[in-house]
Amino acid sequence: MIMPKHVAIIMDGNGRWATKKGLKRSEGHIEGAKVLEKLAMHAIDMGVEVLSVYAFSTDNFKRSKEEVDSLMNLIIKYFKTKFEKINKKGIKVIISGRKEPLREDVLEAINNIEEKTKENKKGILNICLNYGGQEEIIDGAIKLAKDIQNGLDVTDFKREDFYKYLYHELPPIDLVIRTGGELRLSNFMLYELSYSEFYFTNTLFPDFDKSEFNKALFMFENRDRKFGGISEKNN
Ligand code: IPE
Ligand code: IPE
Ligand code: MG
């Protein structure tokens, strides 16, 4: 099976899942967190090297204080206790996003989980938290500008060279999945997605289980990736 090295998931639909069941939106996020934990283990077992997930966008601060607070509390809880399985499995957890305006206790939980798992080698779980794709490019461009001021020669600067100015130096995304039925990127990993295959599903994230994930992998295997060239399969 041809495995994508880097898979990304826009984990959407938690709120609608809860509302449909007559529950509070925060209940949907709790269910979503459980699914994320299972999927991360499964993806790495399947041979995926990096799994990036969109957990909270810079724009999600537009939501009610109640929802934002409950999400942040859930994230702290997961990083502190629930991610023990992920750690034991040897998965390295990294966070992508801006620090401002995250709460002090959230920043502390981020530091702890990154520190605890930093030697793990089995695979990488990249959690995008207070993350924006345009923001990542802007932040990278500012870092690059500083290097140029300090004398970096950019005569032969290539698109591959920009990866080290992103939040983490990860491989390009091969497959991106969006659950919840919306057909958009919502400012997710714009630089890294340039040649990825897209998989959209109406399944709401709390219902997106291992077999749903495998469907996306099978689809990926049958895509004809050309990267601007000529198809090897169909020529
Ligand atoms: C995705 O689910 C999780 C976050 C954005 C934090 P939503 O909360 O966006 O769920 P819907 O789209 O309202 O159903
Ligand atoms: C994208 O979902 C962000 C996350 C999944 C964390 P949103 O629910 O925020 O996106 P829009 O508002 O539908 O574009
Ligand atoms: Mg949504």
Side-chain angles (χ1 to χ4, degrees), residues 6-40 43 50-79 82-83 93-103 105-107 109-110 113 125-139 166-168 170 173 175-193 196 198-209 212-213 216:
H6 187 173
V7 177
I9 310 179
I10 302 172
M11 308 185 290
D12 198 23
N14 294 349
R16 277 164 286 163
W17 180 90
T19 307
K20 260 182 112 182
K21 290 191 147 43
L23 303 167
K24 285 201 288 185
R25 290 180 57 85
S26 57
E27 301 284 336
H29 297 313
I30 292 172
E31 231 23 65
K34 288 184 196 159
V35 168
L36 166 62
E37 191 187 6
K38 286 189 197 131
L39 280 183
V50 184
L51 179 70
S52 289
V53 294
Y54 207 1
F56 192 89
S57 76
T58 50
D59 295 316
N60 288 147
F61 275 109
K62 291 175 189 162
R63 299 186 181 194
S64 72
K65 187 176 176 333
E66 188 195 355
E67 182 166 350
V68 172
D69 280 347
S70 73
L71 264 162
M72 293 301 151
N73 294 338
L74 181 66
I75 286 163
I76 293 177
K77 183 171 160 192
Y78 263 78
F79 286 178
K82 305 271 187 179
F83 268 21
V93 180
I94 57 176
I95 313 298
S96 292
R98 284 187 175 167
K99 290 199 160 69
E100 277 287 309
L102 289 176
R103 282 162 21 188
D105 54 352
V106 177
L107 294 175
I110 289 176
I113 192 75
L125 173 61
N126 173 38
I127 301 180
C128 297
L129 175 56
N130 190 26
Y131 175 87
Q134 290 183 330
E135 283 79 355
E136 182 175 31
I137 294 170
I138 292 168
D139 293 348
L166 299 174
Y167 293 134
H168 294 280
L170 298 170
I173 295 167
L175 166 66
V176 60
I177 298 166
R178 181 169 185 145
T179 62
E182 310 289 4
L183 305 179
R184 55 180 171 253
L185 288 176
S186 304
N187 202 19
F188 186 52
M189 301 190 92
L190 303 176
Y191 199 83
E192 299 88 331
L193 285 171
S196 44
F198 284 68
Y199 181 87
F200 292 101
T201 170
N202 289 330
T203 305
L204 303 169
F205 189 67
D207 294 325
F208 192 77
D209 58 14
E212 292 277 334
F213 184 82

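One-based numbering, in listed order, for ligands and for the atoms of each. In what follows, residues are counted from 1 in the order of the sequence shown.
Because the distance cut-off is set at 2.8 Å, Glu182 fails to qualify as a neighbour of the Mg ion (ligand 3), as none of its N, O or S atoms comes that close.
Residue Arg184 touches ligand 2 through its side chain alone, judged by heavy-atom distances below 4.0 Å. Contacts between Ala55 and ligand 2, counted as non-hydrogen atom pairs separated by less than 4.0 Å, involve the backbone only. At a 4.0 Å heavy-atom cut-off, ligand 1 does not touch Leu204 at all. Looking at Asp59 against ligand 2, nothing comes within 4.0 Å, counting heavy atoms. Contact annotation for Arg178 and ligand 2: only side-chain heavy atoms (C-beta onward) come within less than 4.0 Å of the ligand.
The shortest separation from a heavy atom of Gly180 to ligand 1 is not under 4.0 Å, leaving the residue out of contact. Under a 4.0 angstrom heavy-atom cut-off, Ser57 registers as lying outside contact with ligand 1.
Side-chain contact between Phe79 and Ile95 is present, with heavy atoms from C-beta onward closer than 4.5 Å. By the 4.5 Å heavy-atom criterion applied to side chains, Arg63 and Arg25 are counted as neighbours.
Closest to atom 3 (C) of ligand 1, if we only count protein heavy atoms, is Met11 O, 3.5 Å. Residue, atom and distance of the protein heavy atom nearest to atom 11 (P) of ligand 1 are Arg16 NE, 3.6 Å. Considering only non-hydrogen protein atoms, atom 14 (O) of ligand 2 sits nearest to Ser186 OG, 2.6 Å. Looking only at heavy atoms of the protein, atom 10 (O) of ligand 1 is closest to Gly15 N, 2.9 Å. Of all protein heavy atoms, the one lying nearest to atom 9 (O) of ligand 2 is Asn60 ND2, 2.9 Å.
Listed by atom number, the atoms of ligand 1 under 4.0 Å from Leu71 heavy atoms are 6 (C). Remark: ligand 2 atoms within the under-4.0 Å shell around heavy atoms of Phe56 are 6 (C).
Polar contact with ligand 2: absent for Glu182 (N/O pair, distance under 3.5 Å). On a distance-only criterion, Trp17 and ligand 1 share no N/O pair closer than 3.5 Å.
Distances from atom 13 (O) of ligand 1 to the heavy atoms of Lys20, Arg25, Arg63 put Arg25 nearest. Within the set Phe205, Tyr131, Tyr54, Phe188, the minimum heavy-atom distance to atom 4 (C) of ligand 2 is found for Tyr54.
Taking a cutoff of 4.0 Å between a charged side-chain nitrogen and a carboxylate oxygen, Asp139 and Arg98 qualify as a salt bridge.
Phe208 and Phe205 have parallel rings, their planes meeting at less than 30° on a 0 to 90° scale where 60° marks the start of perpendicular.
The distance from the CD atom of Glu67 to the CE atom of Met72 is 10.5 Å, given to the nearest 0.5 Å.
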